[in-house]
Structures are given as structure tokens and as C-alpha cells.
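Scroll down for the structure; my scribbles are underneath it.
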Protein chains: 2
Amino acid sequence: MSRKPTMEDVKNLAGVSISTVSRVINGTRKVSPDKTEAVNKAIEKLGYKPNELARSLVMKRSNTLGIILDDIGYGYMAQYLRGIDEIGKMYKYDILLYSTFGDFEIQKKAVDFLSSKQVEGIIVISEKINSEILYLIREHEIPYIILDQFYSPEEFKTITIDYKQAMYDMTKYIIDNNHKKIAYVRERSSSYSAESKETGYQECVDDFNLESWVFNTPENSIEAGYNFLEKNIKKFRDYNITAIVADSDALAIGMLHYFYDNNISIPEEFSITGFGNTEISELFKPSLSSVRMPYYDIGAIAVRMLVKILRESEEFEKSINLKHEIMERETVRKLKK
Amino acid sequence: MSRKPTMEDVKNLAGVSISTVSRVINGTRKVSPDKTEAVNKAIEKLGYKPNELARSLVMKRSNTLGIILDDIGYGYMAQYLRGIDEIGKMYKYDILLYSTFGDFEIQKKAVDFLSSKQVEGIIVISEKINSEILYLIREHEIPYIILDQFYSPEEFKTITIDYKQAMYDMTKYIIDNNHKKIAYVRERSSSYSAESKETGYQECVDDFNLESWVFNTPENSIEAGYNFLEKNIKKFRDYNITAIVADSDALAIGMLHYFYDNNISIPEEFSITGFGNTEISELFKPSLSSVRMPYYDIGAIAVRMLVKILRESEEFEKSINLKHEIMERETVRKLKK
DNA sequence: TTGAAAGCGATACCAT
DNA sequence: ATGGTATCGCTTTCAA
């Protein structure tokens, strides 16, 4: 059980000073070829690996980014993390994760934890983060970026998509397929993204002067979508609604489950769309038309921005909008004119 | 831009020695009530938080566990991580993740990285890890546990399920539904888990003396399942096969896609089962009967074991088998006797 | 009970 | 180009 070799060991074996060892490792200064070789040989022989903890301590740079997120299990989280991870590695930053399950107390803990781990920056990914948390991060004087859909991009700088335009485009896609009577189904909540999406929908149906109904569900989940239709399918039929625009994939999948269980063929009897382009939207049959959020890119850019702030101590001046994409799949039927 | 407060600052404000501050924080020794209060007040006032890096350096304990995984995006990975995260927090261990995409060179890097970050233990989660990586971890003298399905539980200690028994049970479930002609579809590969599963299947159909066919696909994916049926559906019909046991959910979902696209009703025309109980198996319609792997528990127990090894420098003596569960859902039809 | 000082494993400044 | 040494923020031994 031999102790891990340190620079001290390398120094002794190579017969040089400890400073020289450091120089060889970091290439910070010129070192004569023979000493360089001696050091490298010693390193090789000992299997020496620098202790990053000690290095971070003296350099006051942990090379670590902290991520505060609700739950790693959310389908899109992995995509965010891939983007963050990949670009993070590119800039030699490591990622420290902290799951909070959306709990305020745990979120506070997360900030303290990451701070004590000396992370250089923090990315907050949450469906709804209490603004107090953001102030707490500020107190710690750690640069941060939030990836959130609750506040407006003016209020808190973020990287996002143009929700209004995205839902406008989705609605337009429905209309282009000649649907005249459309229902919009959303969770009853007042997040910025939810409001924007509804506005986009509304503007589009107004622009085309179509009949439209807006419905609320108590929450955003598959069950909520299912229960919603159970209660309202009759209305849909009475109103001759032919297309349903859901504000999330979960709601849409819930409705598809209802349709399946009740032998209602999709898209023959109803067309339906989701939002988010989660994995299930692609794998479900019929596959669900949805709006793709560029999660990977959002994560990637978040890191880029953070690194920029860190390196150049610039401010994050304005929110960035990335492009969304309408994924046309099997749940939308083209009606005759 | 005030520097983060250190113990030095606390010491000055509280008018005690730095050792006393340390004692108050860690409760390592008795400190008089008045000094204790003075220190606590100073800490409060300054908003002091210990620098974990410095602490780890001197204590030679990073309180960190490293996880080497293929890709955070795999559906089941989140479940593993939840178990790891939760139990890790319980024991005050933090988690450092490293995605390798199954690449050997990156895996080597991961080990070096985690080692330099002074992680106390490593959990490797991979579909197929090169044994060289394990030797590398050993060289670093870091205790580790692998969660892998490639090697036998005798060869490398792990936490797993009894694959053979699981597939036996799944086959039995099919047989209990009176299916007499069954097909087994698996990826052509020779991992331990794949072999065990096939053995379990085989033993079961043999025990009941049933007609059975085993098929191979070039890989384990949704596409492979789809393409497989495209080529073989005729045989299935010719042989009057009524049930398909797939060795993974992915293969089964691929086949379900094929059935959907070709208007073959499930489970009326064919019964089919998967393995893994991935999220999609539950959300798909018809929902897929599958074998549940207790991912969360596997992750949780892995941490427990690792902590035990760390604390008591015990060895990890033998692999642990957790219970699987047959999830009976909509893709299996009960035939008349 | 308390404080002074050594040391954890590195970097970087200041000499030489 | 090279070496000696202070320092990073903390814990812990050793005296007092």
C-alpha cells in the first residue's frame, strides 16, 4: 500500500529541485533538455500524477463548474449535460453535479456545497428556481448562468429559444395542414415560457382568423393529459375540433394514451402536437410531431459563455436565443382544403 | 470583489487562535462556551464557509466518489445515478462524473483524472469495459466497483441480477399464457448477461418441452429490431410463432414499430416481451411487458459497498444479486388452452 | 482549554 | 536555466 508519489519523490529520483519538476510538468519556463528528460523519466517510473487538489489550492483555480439541477432523470437533462460536459472538457473544466429535486432548502445547500468546493462558475438548470437562490449565488460572487423557463430572458439572462415564435410556427404548421378548429391545451401556470407559448399560439390563430379553444390542465404530466381528455373529449367532438396543440410532450403523450385506450385513431380523428421533442415523442407510435429544443446546444453555449465570463470577467449582457425546429411526424394529418 | 473569508479572518474577528476556530467548526475538542460563541458569531458575520479543497488536502480525504460511465444519456443511467447520488449524500460523499462513450482511451483518461482529483473510490458503469481499465484502477490503488454486464459475477465482483433466472421467469410468464411456439431474439454478442439470458430462456422452453427458435440481430438497437422483423416476419408466420421474447427493450420496441407500420395488431397477432424496463417500455402503447432491473438499488448498494470497503478496508468478497421483477403489461396476450 | 507551528502537495516569486 | 522558499487554507500534534 505505497503512498501516492508526490513531486517530492519525483524531485529526489530526478535529482533536481522541486521547482524544476513543476516547470517540466507545466511547461511554464525553459528547462534544459537533460533535466527535462530526467524528470520525465522519474515521473514515468513512479507513475506520478499531480494532485489536483493541491494545485487548485495554490492556483486558486479549481477548474470546476458546478451544475445545480432538479433531477438527473428528466429526459432532457441528459442532453443538457452532454453539451455542458463536452464543451466543459474542451476548456478543461470538470463538472460537479448537484440534484435538488426542486427543493428550495436543498438548492441553498447546493450553492454552499459548490462554493465550498471552489467551483469557478455555476449553471442552474431548473424548471422553476427561486430567485433567492440566484441572489445567494451572487453573494458568493460566483459567476453563474441559469437555464430556466420561468423568468423572462430580460429578468434573468439565459440561453433559450423564442417560445412565442416556436409555438407560432407549430400552430402555423397545423394550419398549413388545413385544420380550421383547433384546441390549445396547457398547464395552468404562469411561467414565462408557458405564457409566451400561448401568446404565439393565439397570435397565429388570430392571424388566420380561426376558431380556437384554450384549455387548462392542473399540471404538466402524462396523467394530466389523459385525465383531461377523459373529461373533455365530448366537447372536442361537439366543437368539431380536428387538431390539438399541447404545450408539452407529456400532455400530448397522455392524450395519445387516452386515444389508444379508446380506439380513437390518430391522426385520422385528431391531429396532435407536443413541445420539447423528448425521446418519447420520437419513439411513440404514432410518432409525435413536436418542437425541438436545442438542449445540447444550450448546454454547450452556457459553458462557452461562462468560460468567457470567467476568462475575461465580462458580464453576460443579454439572453441568447437559439433556433427551434418543428419536427413533423405522424400525429398531424393533412386535411383537404 | 472581496476575497472569500478564510479561517484567518474568523480568527481575527473572534480574537482566538486559528486552531480554536478549527475545533469549533469540527467539534474535534472541547472549547469553552464563550469562545465557541465568539467563533460562531464571527463565522456568521463573515459568511465563512470552509474551503473543502484545503481541508481535503490536509486530511487526505476528498469525500468524493468517481463514476466512470459510457454516456449519461442512456435511459437507465439516470436511475443508477439517483441511487448513487442519494446514498452518496447520506454518507457525505460527492460524486464526480466522467463520460467516456465507451472509448478505451477516454476511459484511461477518466481513471487518471479521477485519481488526480483524489477520489476515494470509483464506480464503473459500462456495457462493456476493457479489463485493462480495471487493472489501471488497481494500480492507482483506488477501491472500485464495476456495474457491468459483460463479465461474469465470478470474474469481477459486481452488483447485478440473476439474468438467467430473470429470463427464465419471463419465458415462464409467456408459457403461463399458453404460448406454445416461441421465438427468442437477441443481439449476436457474447456478453455474460446475454449468454445467461439465453440460457434461462432455453432451460425454460426445454422444461416445458416447447417448440422454440432462436434468432440473432447484428446489434442491440431499435433499428436492428425493426430490420430483423422486416426480414423474418414471413418465417414467424410460417412457423406459427405466437410469442417473441426479446433480449432487450430496444429490440422489442423496434419490432413494435414494425408491427405498427405494417398494421399488425399487438398483442392479438403476436405477443412480445422486452428486458430492462426502460422508460419507453412503460410509455409505449401497447405498453411493453419487460423485466425490471433494479437500477436505483444497484447504484445505492454499490455506494454502500464502496463506503464499507473504504471505511473498514474490507474486500468486496462476492457479487450481490438483487431481485428482478416481471412487469406484466399489454404486449402479452393470454391464449386459450 | 488554548495557541504555536508543522505539514498536506503543489505554484511562483526572488535570487543566483 | 535552476534552486530555495513563502504561500494557498486548513488540520493536528505538541507544549503550555
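Lettering follows sequence order; numbering is per chain, from 1. Given the structure is predicted, the values throughout are model-derived calculations rather than measurements.
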DNA chain D: 5'-proximal contact among A:R29 and A:I18 (nearest heavy atom): A:R29
Grab the [atom1]-[atom2] distance between [X] and [N] for me, whole Å please.
X	N	atom1	atom2	value
B:D9	D:dG9	CG	C1'	11 Å
A:R23	D:dT2	CZ	C1'	6 Å
A:R61	C:dA12	CZ	C1'	16 Å
B:N63	D:dC10	CG	P	16 Å
A:E8	C:dG9	CD	P	9 Å
B:L57	D:dT7	CG	C1'	12 Å
B:N26	D:dG9	CG	C1'	13 Å
B:M59	D:dT11	CE	C1'	7 Å

Answer yes if the ring centres of A:Y80 and A:Y296 are under 6.0 angstrom apart, and no otherwise. no
Aromatic ring centroids of A:Y192 and A:Y151 under 6.0 Å? no
Report yes if a side-chain nitrogen or oxygen of [X] is closer than 4.0 Å to either non-bridging phosphate oxygen (OP1 or OP2) of [N]; otherwise report no.
X	N	result
A:N51	C:dC8	no
A:K4	C:dG9	no
B:T20	C:dT2	no
A:S17	D:dT2	no
A:K11	D:dG3	no
A:S32	D:dT2	yes

Qualifying residue, where the test is side-chain contact (heavy atoms from CB on, under 4.5 Å) with A:I95 and the options are A:V303, A:D85, A:T64: A:D85
Pick base, sugar-phosphate or nothing for B:L53, based on heavy-atom distances below 4.0 Å to the nucleic acid. nothing
Answer with base, sugar-phosphate or nothing: what part of the nucleic acid does A:S19 contact at a heavy-atom distance below 4.0 Å? base
Ring of A:F150, cation from A:K128 - is the NZ or CZ under 6.0 Å from the centre and inside 45° of the axis? yes
5'-most contact on DNA chain C: B:G15 or B:V58, nearest heavy atom basis? B:G15
Backbone of A:L69 reached by a side-chain donor or acceptor of A:S99 within 3.5 Å: no
Among C:dT1, D:dC10, C:dG9, the nucleotide that comes nearest once only the side chain of B:K30 is considered: C:dT1
